[in-house]
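Just follow the structure's listing: the first ligand is 1, and inside any ligand the first atom is 1.
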Amino acid sequence: MGFELLGLSEPTLKAVADAGYTEPTPIQAQAAPQVLMGRDILGIAQTGTGKTASFTLPMIDILAEGRARARMPRSLILEPTRELAAQVAESFEKYGKNHKLSMALLIGGVNFAEQEKALNRGADVLIATPGRLLDHFERGKLLLNGIDILVIDEADRMLDMGFIPDVEKICERITKKHQTLFFSATMPPAIHRLTKKFLDDPKKIEVARPATAATTITQKLVEVGPRDKRKALRQLLRTEEIKNAIIFCNRKRDVKEVYASLGSHGFSVGQLHGDMEQRDRMETLRQFKENEIQLLVASDVAARGLDVPDVSHVFNFDVPGHPDDYVHRIGRTGRAGRKGTAYTLAVKSKLDVRLIEGIEKLTGMPLPRDEDFSLEREKRAPRKSADSDAKPVKEKAEKVSSDEAEVEKPQGKQHKRAESSERTPRGKNKPDSARSGRPQRGRRDSHPGMAPDDMPKEPFVGMGPHVPAFLSGPFGATKK
Ligand code: AMP
């Protein structure tokens with residue numbers, strides 16, 4: 001997709017071409033047309049995704065019409081630091097070079113008089129840090145009732161730096177109806193509350209970090225036979241030092257199956273997919289965040305838009321159908337400079353070969369094969385953790401070894417079995433059996449169609465007291 005499809009003007013497109021960009025980044029492709037339509041935006045994206053251009057390019061075109069009046073800027077961009085504010089100002093110069101827009105930069109460490117002059121000339125675009133902006137406002141040098149577009153950038157950094165009260169004050173002083181573009185890399189509760197208060201039916205756009213930024217993630221590709229995937233997954237779960245992990249499947253059906261299978265093997269696991277109701281998804285997520293469950297089996301859609309904390313491992317049970325999803329999935333680990341590991345299970349099929357090629361093309365690097373991996377006889381071999389935080393995934397006390405291949409079973413049957421096993425819940429938090437999907441201990445003969453490999457043979461250990469409930473209903477879609 002080219003920039004020309006975004007609805008930008010010719011002079012802006014020319015500036016973009018001069019900047020050397022040939023294709024919009026995902027956030028640019030999604031945000032720019034919506035901004036041009038006047039919609040509020042909630043962008044979950046961090047630096048490096050091209051988010052600056054995602055708001056500056058359409059803003060330039062919107063502001064091209066009309067003129068700024070003295071001390072009444074027409075748009076305001078709030079940035080947490082001087083450096084970021086200066087970078088955004090540079091972007092405006094670069095992308096707005098074919099327009100005659102006026103700009104003022106209000107940041108600390110620069111004298112007030114110069115800034116006042118710029119305000120007095122009238123600014124189409126005012127770029128500021130919150131503290132300095134309020135200083136000018138309180139001195140009566142600035143009016144905020146001409147603002148048509150407000151951008152709050154890097155909101156979570158504003159939170160870290162204690163700027164949220166200032167941001168709220170500023171938002172409250174913009175009395176005129178305006179468009180708000182809000183960006184944050186993460187969505188902690190304080191930020192979520194802010195978006196609820198100040199955004200009007202926003203278009204939510206979430207993008208992964210660019211593949212090149214994922215340097216803290218060790219990526220590995222494990223090639224297995226189509227019938228060995230679950231076994232390979234279990235082997236990895238037992239041998240890797242896992243603090244917590246998300247296991248992605250391409251289909252809801254597989255999410256349910258892998259969840260039931262891991263549960264039957266005694267792993268501490270929850271599931272997240274589009275057939276669950278909001279409250280059950282939130283409960284599962286709470287359990288995962290609070291380390292009551294260590295593994296979360298999820299579909300892409302269900303996991304999108306979630307404020308999942310950093311996880312030590314991501315497993316792609318299936319090679320994702322879109323390379324973007326791969327980047328998105330693995331971006332759940334290795335956050336904020338921490339180390340993370342992402343395993344992808346692939347079978348030797350034409351489809352998987354093609355999908356892996358697509359990922360390698362997007363990330364610009366080969367997906368390293370894990371040459372050391374070979375399927376072993378299945379037995380319990382939890383490693384002692386080197387890192388006090390990391391511990392082997394909770395699993396039942398002993399697993400009878402079995403080399404039997406897993407048999408893929410029809411979904412309906414197995415899911416039903418998982419549900420039927422709910423009727424013998426353990427622990428005091430007996431769930432509503434109609435809703436709970438937690439794999440429970442079951443008798444061998446209660447799983448007549450299960451592969452021997454998948455059947456529970458020992459009582460579970462290591463399960464938390466909470467039993468998540470699972471329902472049906474869409475979740476996490478970022479689109480309206
Ligand atoms: P940002 O996430 O806005 O900080 O942008 C990160 C970097 O990506 C900056 O150096 C931009 O110049 C660059 N950039 C932004 N959009 C594109 C694009 N469409 N193609 C190539 N580079 C881009």
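- Between E168 and P165, every side-chain heavy-atom pair lies at or beyond the 4.5 Å cut-off.
- In the vicinity of T49, heavy-atom distances shorter than 4.0 Å reach the ligand 1 atoms 2 (O).
- Aromatic ring centroids of F182 and F198 lie 6.0 Å or more apart.
- The atoms of ligand 1 that sit less than 4.0 Å from any heavy atom of G50 are 1 (P), 2 (O), 3 (O), 5 (O), 15 (C).
- Ligand-side atoms of ligand 1 in range of F3: 19 (N), range being under 4.0 angstrom from any heavy atom.
- Of the options T52, T56, I27, L57, the smallest heavy-atom separation from atom 3 (O) of ligand 1 is shown by T52.
- Atom OH in Y95 sits 8.5 Å away from atom CD1 in I60 (nearest 0.5 Å).
- Among Q28, K94, E90, the residue whose heavy atom sits closest to atom 15 (C) of ligand 1 is Q28.
- Put simply, the residue from I44, V207, T52, I41 that forms a side-chain contact (heavy atoms from CB on, under 4.5 Å) with I27 is V207.
- Annotation: side chain of L236 is in contact with side chain of F373 (closest heavy-atom distance under 4.5 Å).
- In this structure, R132 forms a cation-pi arrangement with F112, its terminal cationic atom sitting closer than 6.0 Å to the ring centre and no more than 45° off the ring axis.
- Considering backbone and side-chain N/O atoms, T22 never comes within less than 3.5 Å of an N/O atom of ligand 1.
- Counting the atoms of ligand 1 from 1 in the order shown, those under 4.0 Å from a heavy atom of E23 are 18 (C), 19 (N), 20 (N).
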